[in-house]
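Worksheet for the structure shown next.
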Amino acid sequence: MPGSYGDLMRLDEGGYFYFVDRVGDTFRWKGENVATSEVDQAVVDCPGVVEATTYGVEIPGADGRAGMVAVVVDDRFDLSEFQHRLSRRLPDYACPVMVRISPALDTTETFKQKKHDLMRQGFDPRLVKDRFF
């Protein structure tokens with residue numbers, strides 16, 4: 001059914017299926033599917049990250065969508081430590097290419113993060129008023 005979402009599952013060696021993510025919350029980068037929930041979990045496990053949401057953004061001339069993460073941080077956040085931890089925990093294709101530091105992340109009435117505006121803004125400095133790297 002157009003516009004509906006499904007579940008992305010993983011099959012282990014024992015023949016058991018595991019929930020990975022919602023299909024609508026994945027993007028493709030460097031020929032690989034990236035589950036945003038997996039990246040989100042790695043990001044929020046970093047010191048100083050209070051809240052995070054991951055999404056794919058288009059880069060002109062690139063195939064797929066690059067990972068971008070919007071984070072709410074506290075005074076313990078260190079960008080180089082953040083990058084170091086993520087590079088050890090995630091495969092290269094899943095590491096965010098861009099980081100947006102926001103004062104807050106918008107949520108729906110059911111506390112799901114609103115990603116559509118973030119995805120639309122991408123990394124365009126005319127649209128993004130937050131700091132980003």
Side-chain angles (χ1 to χ4, degrees):
M1 160 183 280
S4 65
Y5 295 103
D7 292 333
L8 179 63
M9 306 296 286
R10 179 174 41 139
L11 179 66
D12 72 7
E13 302 82 27
Y16 293 97
F17 284 97
Y18 292 91
F19 174 79
V20 176
D21 205 353
R22 299 290 295 170
V23 172
D25 286 337
T26 62
F27 59 90
R28 195 157 176 81
W29 180 243
K30 295 187 177 182
E32 300 285 346
N33 289 326
V34 179
T36 59
S37 62
E38 181 181 357
V39 178
D40 285 346
Q41 188 57 56
V43 169
V44 297
D45 286 347
C46 292
V49 176
V50 177
E51 192 176 2
T53 191
T54 304
Y55 48 99
V57 294
E58 291 185 24
I59 296 179
D63 186 29
R65 294 179 176 267
M68 186 165 183
V69 62
V71 293
V72 176
V73 299
D74 62 24
D75 59 350
R76 297 174 299 140
F77 182 76
D78 178 271
L79 188 60
S80 50
E81 176 65 18
F82 177 77
Q83 177 193 10
H84 180 69
R85 284 178 181 256
L86 291 182
S87 68
R88 287 187 312 197
R89 181 156 172 191
L90 296 170
D92 286 342
Y93 65 84
C95 284
V97 175
M98 289 162 267
V99 178
R100 176 178 177 164
I101 300 176
S102 301
L105 298 177
D106 289 336
T107 58
T108 67
E109 299 77 28
T110 58
F111 305 105
K112 293 180 182 174
Q113 292 168 330
K114 292 183 180 179
K115 295 183 184 187
H116 292 294
D117 285 342
L118 296 170
M119 292 170 69
R120 183 185 52 75
Q121 293 171 359
F123 54 94
D124 185 339
R126 295 170 298 167
L127 301 174
V128 178
K129 302 306 176 205
D130 299 330
R131 293 184 301 156
F132 66 96
F133 304 91

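Values reported hereafter were calculated over all heavy atoms of this structure, with side chains retained and with hydrogens, waters and symmetry mates removed.
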Result block: side-chain N/O donor-acceptor pairs under 3.5 angstrom for residues 85-92, not counting sequence neighbours:
unit_1, atom_1, unit_2, atom_2, d
Arg85, NE, Glu81, OE2, 2.8
Ser87, OG, Gln83, O, 3.3
Ser87, OG, His84, O, 2.8
Arg88, NH1, His84, NE2, 3.2
Arg89, NH1, Asp45, OD2, 2.6
Arg89, NH2, Asp45, OD2, 3.1

Looking at Asp78 and Ser80, what are the two nearest heavy atoms and their distance?
OD1-OG, 2.8 Å
Between Ala66 and Ile59, the two heavy atoms sitting closest are CB-CD1, 3.4 Å
Derivation and outcome, side-chain contact (heavy atoms from CB on, under 4.5 Å), residues Phe27 and Thr36:
CA-CA 8 Å; Phe27 59 90; Thr36 59; 3.9 Å; yes
Give the cluster check for Phe133 versus Met119: same hydrophobic cluster or not, with ILVMFWY residues linked at side-chain heavy-atom distances below 4.5 Å.
yes
Establish whether Val34 and Val44 are linked, either directly or via other cluster members, by ILVMFWY side-chain heavy-atom contacts under 4.5 Å.
yes
Calculate, to the nearest 0.5 Å, the distance between atoms NZ and OH belonging to Lys30 and Tyr93 respectively.
11.5 Å
Would you say Arg131 has more than 12 foreign heavy atoms packed within less than 6.0 Å of its CZ?
no
OG1 (Thr26) and CD (Glu38) are apart, to the nearest 0.5 Å, by 12.0 Å
Determine, stepwise, if the pair Val43 / Val71 fulfils side-chain contact (heavy atoms from CB on, under 4.5 Å).
CA-CA 8 Å; Val43 169; Val71 293; 3.7 Å; yes
What's the separation between atom CG in Leu127 and atom CG in Leu118, rounded to the nearest 0.5 Å?
11.5 Å
Going by heavy atoms in the side chains, are Val39 and Val69 under 4.5 Å from each other?
no
Neighbour count >12 (heavy atoms, 6.0 Å) for atom CG, Asp63
no
Output side-chain donor-acceptor pairs under 3.5 Å for residues 96-104, partner residues at least two apart or in another chain, one line each.
unit_1, atom_1, unit_2, atom_2, d
Arg100, NE, Asp130, OD2, 2.8
Arg100, NH1, Gln121, OE1, 2.7
Arg100, NH2, Gln121, OE1, 2.9
Arg100, NH2, Asp130, OD2, 3.1
Ser102, OG, Asp130, OD2, 2.7

Any ring-ring contact (aromatic ring centres under 6.0 Å, His included) involving residues 54-79? Give me the pairs, sequence neighbours left out, ordered by first then second residue.
Phe77-Phe82
With side chains defined as the heavy atoms from C-beta onward, is the minimum distance between Arg28 and Asn33 less than 4.5 Å?
yes
Between CD of Glu51 and CG of Asp40, what distance do you get to the nearest 0.5 Å?
10.0 Å
